[in-house]
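What you are looking at is a predicted structure, and each value in this text was computed from that prediction instead of being measured.
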Amino acid sequence: MNKLQLTSTIALAGLCLTGAAYAQETPSVEEMWKIIQEQQAQIADLQTQLEVAQQDAAETQSQVQLTQTELIETQEQLDMTVSAVEDGLIGGEGSGETGWFQNTSLGGYGELHANFFPKASNEIDFHRFVLFVNHEFTENIRLFSEIELEHALAGDGKPGEVELEQAFIQFDVTDQLAANVGLYLLPVVGLNEYHEPTTFYGVERNGVDVRIIPTTWWEGGVMGTYRFDNGVAVDASVSSGLNINPLVGNIRSGRQKVAEAVLNDAAYTARVRYTGIPGLDLGASLYYQNDMAQTSSAKVSGLLSAFYGQYTWENITLKAQYARWDLWGSALPESAKEQWGTYIEPSYIFDLDSFGELGIFYRFSYYEYQKNALTFSKNTINQVGFNYWPIPDVVLKADVEEVSGADDFVAKGDYAVNLGIGFVF
């Protein structure tokens, strides 16, 4: 109904009402003028309502047109994206320029240590920062890599190093069988493969996993892993090996870290692990190298035997480890032919609800190893401390070591106090 039709209708209605009223009684001029004014006011009010309605309709039509425009633009963008995907420009398997992040993950960990001694200088050290970069090429082929900066500063005359600790391709041969090819951590029991600071007690790694098993220990080669349905896993590795000085026999110094490493003699590693019972983790590993000196003139053969066990019942965990080297070689110091270590560690975790978890532990450890050509080091250490996890990926640590029976600490006093923080992401 347009404005003219509305006005006419109102006027007609007014005349009808007026006629009806006139039929009963003829109004005076003043009454007629009052009626006219009231009708004009009603007409003006209706005209205002009509104008508002027309304005709202115009705005609604404008919004509809804007929405239609946006819809067209969005459809055009969608068509362009679909076309790019079909052309392999986004997320294409062969591109590598864009879309790679969809199958690539980043992670890492780090730890800061502070060590205090009664007879030596105290020390603070950002011991390590590690970055993981992993990529899944297909559902069955993936890359794992790990880069580490030790002691915060690397370079000529600096205390730290930048190291490539892992860089291997993993192939899923079957659902139970996998193969790693490249640079990987050797499958020996203990901390060597799993040593993020949130996973173990104590600020520093224990001596058995440092002096006897030279954690962190990686080599280049091929490793296969088969996992049975009953919780048994078997690993077998053929890789590069150690290159020790046959006149010294120090194990840790023989790590070549796959950096232009001598490969005159390969190494063989095997491990069996059982996790079929909840809370139980058992493992045994063997490492054999026919010539750890990598030379036929002063041959050194070596066998590392290691055993590990951990059992958790509710909040209580008991952990133990034993590792032993047996070396053969005419040039070796007699003391270097047997190097071994063991520890036992009970611990208890308190659940602090929304405040995280607090774990307390005690560790007794004993290890003896060939430190240098003239020194065979024997170490008895009693250690007590705590780990506090405000969240699972962050840990605060503190411990005290009684080291009066440790040759490694002889010049530093009878005890050491260690503080640390670690994280993983």
Side-chain angles (χ1 to χ4, degrees), residues 105 107 109 132 134 139 142 144 170 172-180 184-202 205-206 208-209 213 215-216 223-237 269-286 305-323 342-365 383-397 399 422-425:
S105 59
Y109 68 90
F132 303 136
N134 304 326
E139 291 183 356
R142 59 193 69 87
F144 292 91
Q170 184 177 82
D172 290 339
V173 182
T174 68
D175 290 341
Q176 294 175 297
L177 177 63
N180 298 343
Y184 52 84
L185 301 173
L186 285 186
V188 294
V189 298
L191 292 180
N192 194 57
E193 284 189 295
Y194 308 102
H195 45 251
E196 291 78 10
T198 55
T199 63
F200 64 90
Y201 283 102
R205 297 174 181 176
N206 70 83
V208 178
D209 279 308
I213 300 174
T215 304
T216 305
M223 182 177 77
T225 300
Y226 190 87
R227 303 183 186 279
F228 295 88
D229 295 333
N230 58 1
V232 174
V234 178
D235 304 285
S237 166
T269 311
R271 178 181 62 184
V272 177
R273 187 179 181 189
Y274 177 70
T275 56
I277 299 175
L280 181 64
D281 186 356
L282 299 176
S285 61
L286 293 174
S305 307
F307 306 91
Y308 173 88
Q310 175 178 309
Y311 182 68
T312 299
W313 179 72
E314 294 185 351
N315 292 14
I316 301 173
T317 297
L318 180 63
K319 183 186 298 184
Q321 183 172 334
Y322 174 86
T342 186
Y343 75 82
I344 184 169
E345 178 191 286
S347 61
Y348 186 89
I349 288 183
F350 297 91
D351 187 352
L352 306 180
D353 296 326
S354 60
F355 294 98
E357 292 182 335
L358 175 67
I360 58 174
F361 78 99
Y362 164 76
R363 181 190 298 134
F364 169 82
S365 59
Q383 187 175 7
V384 63
F386 70 85
N387 284 13
Y388 170 60
W389 295 271
I391 58 175
D393 292 337
V394 174
V395 63
L396 301 173
K397 301 183 177 185
D399 64 73
F423 57 87
V424 61
F425 63 94

Spacing of [atom1] belonging to [X] relative to [atom2] belonging to [Y], to within rounding of 0.5 Å:
| X | Y | atom1 | atom2 | answer |
| --- | --- | --- | --- | --- |
| E357 | N315 | CD | CG | 8.0 Å |
| Y184 | T269 | OH | OG1 | 7.0 Å |
| I277 | N230 | CD1 | CG | 10.5 Å |
| Y388 | L358 | OH | CG | 8.5 Å |
| F132 | S105 | CZ | OG | 10.0 Å |
| L282 | Y311 | CG | OH | 11.0 Å |

Check your understanding: Thinking salt bridges, do E193 and R271 make one under a 4.0 Å N-O criterion?
Key ->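 Looking at E193 and R271, the cut-off is met.
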
Check your understanding: Should the pair D281-K319 be classified as a salt bridge under the 4.0 Å nitrogen-to-oxygen rule?
Key -> no

Between [X] and [Y], a side-chain donor and acceptor under 3.5 Å:
| X | Y | value |
| --- | --- | --- |
| Q176 | D229 | yes |
| R227 | T275 | no |
| Q310 | Y308 | yes |
| Q321 | D209 | yes |

Exercise for review: Using the six-membered ring wherever Trp is involved, compare the ring planes of Y348 and F350 and label them parallel, tilted or perpendicular (cut-offs 30° and 60°).
Suggested key: perpendicular

Exercise for review: For side-chain contact (heavy atoms from CB on, under 4.5 Å), just list the numbers for I213 and L191, CA-CA rounded to whole Å, side-chain angles, deciding distance to a tenth of an Å, and then say yes or no.
Suggested key: CA-CA 9 Å; I213 300 174; L191 292 180; over 6 Å; no

Least distance between heavy atoms, [X] atom then [Y] atom:
| X | Y | result |
| --- | --- | --- |
| V189 | A284 | CG1-N, 3.6 Å |
| S285 | P187 | CB-O, 3.8 Å |
| L177 | Y226 | CB-CD1, 3.9 Å |
| P197 | V395 | O-CG1, 3.7 Å |
| L286 | S305 | CD2-OG, 3.5 Å |

Exercise for review: Take V384 and I360 through the test side-chain contact (heavy atoms from CB on, under 4.5 Å) and record every step on the way to the result.
Suggested key: CA-CA 8 Å; V384 63; I360 58 174; over 6 Å; no

Point to revise | Qualifying residue, where the test is side chain to side chain contact (heavy atoms under 4.5 Å, CB included) with K397 and the options are W389, F200, F386 | key: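 Only match with K397 under side chain to side chain contact (heavy atoms under 4.5 Å, CB included): F200.
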
Exercise for review: Please check if the side chain of T225 supplies one atom and the backbone of A178 the other of a donor-acceptor pair under 3.5 Å.
Suggested key: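 The answer is no, because no donor-acceptor pair under 3.5 Å joins these two groups.
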
Check your understanding: Taking N192 for the side chain and L186 for the main chain, is one N or O donor matched with an acceptor at less than 3.5 Å?
Key -> yes

For the residue pair [X] and [Y], establish whether any side-chain heavy-atom pair is separated by less than 4.5 Å.
| X | Y | value |
| --- | --- | --- |
| Y194 | L185 | no |
| H195 | Y109 | yes |
| R142 | D172 | yes |

Practice item. Kindly indicate, with the supporting measurements, whether the criterion side-chain contact (heavy atoms from CB on, under 4.5 Å) is fulfilled by Y274 and L280. Key: CA-CA 8 Å; Y274 177 70; L280 181 64; 4.1 Å; yes

Point to revise | Test of ring centre spacing under 6.0 Å for Y362 and F364 | key: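 When the ring centroids of Y362 and F364 are compared, they turn out to be at least 6.0 Å apart.
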
Practice item. Could you pull out all residues at least two apart from F361 that satisfy ring pair (Phe, Tyr, Trp, His ring centres under 6.0 Å)? Key: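 Result, ring pair (Phe, Tyr, Trp, His ring centres under 6.0 Å) vs F361: Y201.
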
